[in-house]
Amino acid sequence: MGFDQYHEPPDELPAATRTFARMIASLTEEAEAIGWYEQRISVEKDKAARAIMRNAQKEEFKHFGMDLEFLLRRTP
């Protein structure tokens, strides 16, 4: 992973906190992918390629939403 997801010693963190950290990392990765697709779509000249990228971006939005929903349900 490109960043350290823990600010405390991982072996001292409960499993639920480690899961939370993984979901936050996933949320960040999905948001990055959405942005990358937006840039690619904006410059791609081929209509068929753009359609594929739009479809892929929609999947990233779904994944982002699923990650966020998970976090909201698990956070008091």
Side-chain angles (χ1 to χ4, degrees):
M1 179 167 287
F3 59 93
D4 185 9
Q5 71 189 72
Y6 298 112
H7 295 282
E8 299 297 330
D11 57 334
E12 293 181 23
L13 298 173
T17 301
R18 292 191 309 272
T19 296
F20 187 91
R22 283 191 290 273
M23 292 304 291
I24 291 292
S26 181
L27 192 68
T28 301
E29 292 163 359
E30 300 299 348
E32 287 179 344
I34 290 166
W36 294 334
Y37 277 116
E38 189 65 27
Q39 292 178 40
R40 291 172 186 158
I41 291 165
S42 71
V43 297
E44 181 54 56
K45 304 295 185 212
D46 186 283
K47 185 178 178 179
R50 274 195 323 271
I52 292 168
M53 291 177 203
R54 276 198 188 96
N55 183 277
Q57 186 186 45
K58 285 180 186 178
E59 288 298 314
E60 302 299 347
F61 271 111
K62 281 197 289 189
H63 300 157
F64 182 92
M66 291 165 63
D67 291 347
L68 183 57
E69 180 185 13
F70 177 90
L71 290 169
L72 289 170
R73 280 189 281 115
R74 299 287 178 100
T75 305

(message) Hydrophobic cluster membership, with links at side-chain heavy-atom distances under 4.5 Å among I/L/V/M/F/W/Y: are L27 and M23 in one?
(response) yes

(request) Not counting sequence neighbours, which residues clear side-chain hydrogen bond (donor to acceptor under 3.5 Å, both in side chains) with T17? List them please. (result) none

(message) List the residues meeting side chain to side chain contact (heavy atoms under 4.5 Å, CB included) with A49, not counting sequence neighbours, and say none if there are none.
(response) E44, D46, M53

(request) Taking side chain to side chain contact (heavy atoms under 4.5 Å, CB included) as the test, write out the residues that go with F20, two or more places apart. (result) I24, L71, T75

(request) Could you list all the salt bridge (charged side-chain N to carboxylate O under 4.0 Å, His left out) pairs where at least one residue sits in residues 7-19, not counting sequence neighbours? (result) none

(message) Taking side chain to side chain contact (heavy atoms under 4.5 Å, CB included) as the definition, give me every residue that meets it alongside E59, ordered by chain and number, with sequence neighbours left out.
(response) N55, K62, H63

(request) Give the other cluster members for L13, using side-chain heavy-atom distances under 4.5 Å between Ile, Leu, Val, Met, Phe, Trp and Tyr residues; answer none if it is isolated. (result) Y6

(message) Taking A15's backbone N and O only, do any of them form a donor-acceptor pair with T19's side chain (distance below 3.5 Å, no angle check)?
(response) yes

(message) Among residues at least two apart in sequence or on other chains, which ones pass side chain to side chain contact (heavy atoms under 4.5 Å, CB included) with I52?
(response) none

(message) Is there a path of hydrophobic side-chain contacts, each under 4.5 Å between heavy atoms of I/L/V/M/F/W/Y residues, joining F61 to L72?
(response) yes

(request) Would you please name every residue forming a side-chain hydrogen bond (donor to acceptor under 3.5 Å, both in side chains) with Q57, sequence neighbours left out? (result) E38

(request) List in chain and number order the residues that pass side-chain hydrogen bond (donor to acceptor under 3.5 Å, both in side chains) with E32, two or more places apart in sequence or in another chain; answer none if no residue qualifies. (result) none

(message) So which atom in R50 and which in I41 form the shortest heavy-atom distance, rounded to 0.1 Å?
(response) CD-O, 3.4 Å

(request) Sequence neighbours left out, what pairs pass salt bridge (charged side-chain N to carboxylate O under 4.0 Å, His left out) with at least one residue falling in residues 63-75? (result) E69-R73

(message) Any heavy-atom pair between the side chains of F64 and T28 that's under 4.5 Å?
(response) no

